[in-house]
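Heads up, the thing below is written out as structure tokens.
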Amino acid sequence: MNKTTWLSLAIAISAVPSAALAQTATSTNSNLQPRTENGRQIYDVGQFSRFNPRTALDIVQQVPGFIIDTGDEDARGLGQADENVLINGARIAGKNNDAFTILGRISAASVLRVEIVDGATLSISGLSGQVLNLVTSSDGSTGITGNFKWRPQWRRAGSDWFDGEASISGKIGKGDFTIAIQNESFRNGARGPEQVTNGQGELLFERFETGQPQADAPTINVSYSRTSDAGSVFNISGEYGIDHFRQRVETLRTQAGVPDIFELFTRREREWNAEFSADYEFDLGAGRLKLIGLQRLEHSPTRDFFSRTFTDGVTQPFISTFNRTVDEGESVLRAEYGWQTAGGTDWGFSLEGAYNFLESEADRGGDSNTRVEEKRAEFITTYGRPLSENLTLQAALGGEYSEISQGDLTRSFIRPKGSVALAWRPAADFDLSFKLSREVDQLDFFDFVGSVEVSNDVQTAGNTNLVPPQKWRAELEATKKLGAFGSATVTFFGEKINDIVDTFPIDDIREARGNIGSADRYGIELVSTLLFDPIGWKGAKLDIEVEGVNSSVRDPITLRNRRIGQDDRYSYEITLRHDIPDTDWAWGAGIEDFDDVANIRLDQIADFDTLAPYSWIFVEHKDVFGLTVNANLGNLFDRGERFVRTDYVNRRDGPIDFIEDRTRRFGLVYRLTISGSF
């Protein structure tokens with residue numbers, strides 16, 4: 001669909017006669033100011049009616065000053081809670097089901113209210129700072145409900161008709177079921193020139209590249225939950241999905257006085273993954289015991305191909321391939337027991353056992369054919385109590401034992417871990433929370449395995465001697481309610497990391513991922529919502545999210561301090577939305593950008609930058625034959641991508657061999673989102 005067709009469609013939608021649109025004229029009389037009950041900020045679901053929400057996610061994304069944080073999605077096992085969203089007071093179970101996914105499957109008709117509370121005041125180990133608890137109806141009065149969302153997109157790289165999701169929920173006997181299907185697809189692409197110069201800045205040759213990555217990732221999820229008359233809770237969930245990824249980069253290389261060269265790089269992955277989880281919670285003695293089990297499997301064959309074809313009619317083509325099949329698995333058993341004393345003190349114990357493996361088979365790369373296994377056990381004791389009417393303490397103390405094996409090498413580690421968190425409310429509209437934690441990061445099993453980049457002819461060796469990084473992390477969060485003007489949260493954090501993993505030289509010509517010593521990392525984040533109703537602009541709000549990060553680690557090559565490779569520098573997103581009073585229309589605009597540190601390797605530095613912020617405008621109608629239709633025009637500032645790779649003769653402390661300087665642009669992006677519910 002071209003630009004003219006897309007705009008014609010948007011005009012046609014807006015031109016549908018009002019009589020045919022069943023105008024609901026959603027009111028903006030509902031304000032977004034919460035009420036306070038027992039230290040919690042409470043929003044009734046009716047306060048979000050002006051957005052005509054279809055799902056719980058539509059509601060949560062409009063809560064002033066709150067941003068969903070899904071925690072460490074790469075962590076092995078389940079561990080303590082680190083996702084800042086609860087459903088009816090319980091953390092979200094499973095690994096594939098994060099807050100965005102689960103909230104998108106809950107009908108807005110099932111939501112009663114939204115509560116914002118400091119996590120340290122809850123009897124859930126690991127939580128601190130602002131946490132959202134979504135309270136839903138459990139009486140079955142809503143009957144069978146369903147939601148769907150279709151997100152077609154058109155851009156210069158191609159059309160994507162298959163991105164979307166749908167779910168249906170209801171009751172079976174005394175239990176609740178949900179069946180959901182989803183496809184996260186994309187059709188991206190960009191093109192542009194590249195110049196390759198030598199160390200003196202002299203042009204060697206030029207390239208013009210066109211890159212097109214595409215993917216389809218359909219999944220189906222079935223879940224069931226039941227609460228008995230005695231209050232026991234049983235949940236079970238199963239999911240199966242495939243992820244078909246393909247990438248094609250075509251390059252025309254030109255040089256004065258030399259025949260042209262055509263280069264082609266392709267990558268294909270045909271992955272399937274499955275997850276099954278169940279949990280059962282019941283009264284036991286003075287408290288509650290929760291048993292959790294999870295099994296996850298993944299099969300990922302990848303095929304990389306690179307060719308260089310010479311047009312002189314004499315030189316034979318150069319071809320390089322790298323084929324690898326990776327199987328991964330995770331098994332987790334976890335038990336949690338907690339109780340509260342008559343004096344209001346919360347006690348809890350958790351015990352978790354996990355088994356993870358990664359098995360790799362490849363046709364190149366030396367140590368690519370290997371199996372890595374980890375057996376891990378974690379025990380945590382938690383203690384929480386109010387120290388005064390507006391000050392609460394939560395403490396957790398424990399440790400983990402892990403055993404990592406690869407081939408004939410087996411190593412074991414014992415690591416302490418825990419945290420102390422304080423939640424203080426000096427005023428009804430002001431919250432402060434502080435958390436100091438000792439954490440053990442999880443190793444990426446792919447760092448144990450060798451890999452090959454066929455387009456650059458670069459090999460990375462595996463490292464069997466990796467140890468898990470550990471860190472001290474301090475976090476201070478301040479939330480100020482601005483009354484009718486909204487809310488603002490500022491978070492300061494700092495980390496002291498030991499045994500950080502980064503690129504490490506094995507010898508003069510080989511590299512791997514390895515532990516390179518200690519590092520410091522610190523930053524600040526601002527999340528705010530500004531409401532314009534008090535100044536007369538009814539129904540308008542501005543959402544702001546800004547983060548800045550700095551870090552320092554000693555480089556193993558230059559022995560000088562530098563930032564952590566591929567770490568964040570800054571990011572921001574600012575979105576304006578105006579729901580026009582007494583109509584079903586809304587419009588808005590947004591802008592976002594980011595910058596991160598270059599990928600630093602033994603003999604090269606690869607830096608990716610955006611050439612402009614990504615920006616967009618949208619118009620939305622909330623009742624087009626009962627559907628919500630949102631038309632979005634993106635990339636107004638013509639964002640492009642700049643990639644600069646500096647390659648050195650031997651190592652980064654030597655002379656420059658050549659520099660690749662590439663620019664690609666992808667043009668305007670046209671997106672239509674059609675959502676409905678029943």
Side-chain angles (χ1 to χ4, degrees), residues 1 70 73-74 94-98 100-101 104-105 148-167 179-191 209-222 237-251 264-276 295-307 319-330 357-365 368 444-446 449 451-455 641 664 666 669-673:
M1 181 178 290
T70 56
E73 299 176 355
D74 297 324
K95 299 292 290 279
N96 290 333
N97 294 326
D98 61 15
F100 288 99
T101 303
R105 295 171 182 169
F148 69 88
K149 186 171 292 185
W150 181 42
R151 296 179 291 260
Q153 178 179 280
W154 305 272
R155 56 190 291 173
R156 188 165 61 194
S159 301
D160 180 11
W161 296 92
F162 306 109
D163 188 83
E165 58 200 62
S167 64
I179 301 174
I181 57 174
Q182 180 178 9
N183 183 33
E184 294 184 352
S185 64
F186 62 83
R187 303 290 186 271
N188 294 342
R191 61 188 182 189
E209 297 187 328
T210 301
Q212 290 184 300
Q214 302 179 358
D216 288 283
T219 61
I220 181 169
N221 179 279
V222 179
S237 175
E239 180 171 297
Y240 177 81
I242 60 175
D243 189 348
H244 286 184
F245 173 82
R246 51 218 177 266
Q247 181 181 12
R248 183 181 181 91
V249 180
E250 298 179 351
T251 302
L264 174 65
F265 169 75
T266 63
R267 164 168 289 181
R268 186 186 69 181
E269 181 175 7
R270 295 291 185 265
E271 173 188 307
W272 65 259
N273 53 77
E275 180 180 298
F276 176 81
Q295 178 65 58
R296 183 181 64 85
L297 296 171
E298 184 176 311
H299 177 73
S300 305
T302 58
R303 304 290 182 264
D304 290 0
F305 172 88
F306 176 77
S307 69
I319 295 177
S320 177
T321 62
F322 178 61
N323 301 322
R324 179 168 68 179
T325 298
V326 173
D327 289 291
E328 298 178 77
E330 180 174 30
F357 75 87
L358 181 148
E359 185 170 357
S360 173
E361 295 183 1
D363 57 8
R364 292 177 60 188
S368 295
D444 185 345
F445 280 4
F446 281 94
V449 181
S451 63
V452 178
E453 294 182 20
V454 295
S455 59
E641 304 166 348
R664 293 181 184 174
F666 53 89
V669 179
Y670 310 94
R671 182 181 293 113
L672 199 64
T673 301

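Panel note: side chain Glu330, backbone Gln295; no donor-acceptor pair is recorded below 3.5 Å. Remark: side-chain polar atoms of Arg151 are not paired, donor with acceptor, to backbone N or O of Phe162 under 3.5 angstrom. Remark: side-chain polar atoms of Asp163 are not paired, donor with acceptor, to backbone N or O of Pro152 under 3.5 angstrom. Here the side chain of Asp363 pairs a donor or acceptor atom with the backbone of Asn323 at under 3.5 angstrom. Between the side chain of Thr210 and the main chain of Arg191, no donor-acceptor pair closer than 3.5 Å is present. Judged purely by atom type and a 3.5 angstrom limit, Gln212 has no side-chain atom pairing as donor or acceptor with the backbone of Asn188.
Here the CZ atom belonging to Arg187 is positioned 9.5 Å from the OG atom belonging to Ser159, to the nearest 0.5 angstrom. The distance from the OG atom of Ser167 to the CD1 atom of Ile220 is 12.0 Å, given to the nearest 0.5 Å.
Partners of Glu239 according to the salt bridge (Lys or Arg N to Asp or Glu O under 4.0 Å) rule, which considers only residues two or more places apart in sequence or in another chain, are Arg105. For Arg303, the salt bridge (Lys or Arg N to Asp or Glu O under 4.0 Å) test picks out no residue, with sequence neighbours left out. Considering only residues two or more places apart in sequence or on other chains, His244 meets the side chain to side chain contact (heavy atoms under 4.5 Å, CB included) condition with Ile242, Arg246, Arg270.
In this structure, the side chains of Val249 and Leu264 stay at 4.5 Å or more apart for every pair of heavy atoms. Side chains of Glu271 and Glu298 form a contact here, defined as non-hydrogen atoms less than 4.5 Å apart. With a 4.5 Å cut-off on side-chain heavy atoms, Leu297 and Trp272 count as touching. In this structure, Asn221 and Ser237 have side chains that are in contact, with non-hydrogen atoms separated by less than 4.5 Å. Side-chain atoms of Phe265 and Arg267, non-hydrogen and from C-beta on, do get closer than 4.5 Å to each other. Put simply, the side chain of Phe305 does not reach to within 4.5 Å of the side chain of Ser320, judged on heavy atoms. By the 4.5 Å heavy-atom criterion applied to side chains, Gln153 and Arg155 are counted as neighbours. Here the side chains of Arg268 and Thr266 are not in contact, with every heavy-atom distance at 4.5 Å or above.
Between Trp154 and Trp161, the two ring planes are perpendicular [angle over 60°; tilted spans 30° to 60°].
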